[in-house]
Amino acid sequence: MYDTWTDLLMADHEQTEQVIDALEKKWLEKKPAADTVKKAIRYFSEFADACHNQKEEQHLFPRLSAAGIPRQSGPLGVMLMEHERSKQLLAEFCELGQRYIAGETAVADDLVKVFLEYGALLKNHYWKENDILYPMGRKVLGPEEDAAIVTGIEELEASLGADTRKAYQKLAREITEGMLEDLSAALSKEVLAAILNTLPIELSFVDAEDSVRYFSHENHPKIFPRTRGVMGLKVQNCHPSKSVHMVNQILADFKAGKRDEASFWIDMNGKKIHIRYFPVRNPHGEYLGCLETVQDVTAIQQLTGQKRLLD
Ligand SMILES: [Fe+2]
Ligand SMILES: [Fe+2]
């Protein structure tokens, strides 16, 4: 699933940022539960610090330094300084956390305060790595070094025990359980609708019972005209009878988990139209319905070279 060192390290970042977000939410709402504090101490000491930061310090940073990125100043120096600072804050968090677990409830506010500072530092640090240091690394390192970093990361994980990655993914899931809403929850209905209507792809959605529940771009020009009359209709009634068997086959395959995509392309009025179908599933893998995307890909097909400047 992961091919490159950037994939591996950025997956660590993503997971840790979710843990931070969930804990921030939990602890700003009510006093920390001792059990969660215990899990947080374990996660950040054993994974964020002793595993993730060590992957960088042992396997990435030395190679970046050897490739000419200076260690004392510039992004690498800043990253190392931040690792040090995060270690200090983590030590404070662990010390307060142990006292809190032992029953010293008066330290609760300090514990949360230190955690918020630690979390903010990590999030900012990960952003800099994802957006600045790693892209820089991808430029200066060759394929052999890339492969050696991946091997180093895997060996380090193996040295910490069998299935290290899975064990901390599990711990992260336990900490974040029920606390992480999809990011779209922060958007108003108006904004969400406007985003869907701004996509250069037309969407329509039929639910798990095959009834049409949504289409985008209602008041915009569309490749395939659709009007509100189709809402609630069975999708089989919206397709020409000669293609209904194909619609049924696709839906049956999606429901049975046998297929993750079905695509078609047609020529229409001098344009190449790409039509794709995807099963929509919830995080537990349950089938929620089928998404159809329709896109004019004529201009995309004609792209050559690169365009890196604004018109
Ligand atoms: Fe780092
Ligand atoms: Fe990192």
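In what follows, residues are counted from 1 in the order of the sequence shown. Read the numbers this way: they start at 1 and go in the same order the structure lists the ligands and their atoms.
- Rounding to 10 degrees gives 90° for the angle at the Fe ion (ligand 2) between OE2 of Glu56 and NE2 of His52.
- Looking only at its N/O/S atoms, His13 has NE2 as the one nearest to the Fe ion (ligand 2).
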Verdict with reasoning, Glu95 to Arg99, per salt bridge (Lys or Arg N to Asp or Glu O under 4.0 Å): CA-CA 6 Å; Glu95 199 256 333; Arg99 284 165 58 192; 3.5 Å; yes
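- Within Glu129, the N/O/S atom positioned nearest the Fe ion (ligand 2) carries the name OE1.
- Counted by atom type alone, Asn130 and His13 present one or more donor-acceptor pairs between their side chains at under 3.5 Å.
- The nearest N, O or S atom of His125 is not closer to the Fe ion (ligand 2) than 2.8 Å.
- Separation of atoms CZ (Phe61) and NE2 (His83) is listed at 4.0 Å; rounding is to 0.5 Å.
- How far CD1 of Ile20 is from OH of Tyr126: 6.0 Å, rounded to the nearest 0.5 Å.
- Residue Asp12 does not count as close to the Fe ion (ligand 2), with no N, O or S atom under 2.8 Å.
- At a cut-off of 3.5 Å, with distance as the only test, no side-chain donor of Thr293 or Gln295 sits close to an acceptor on the other residue.
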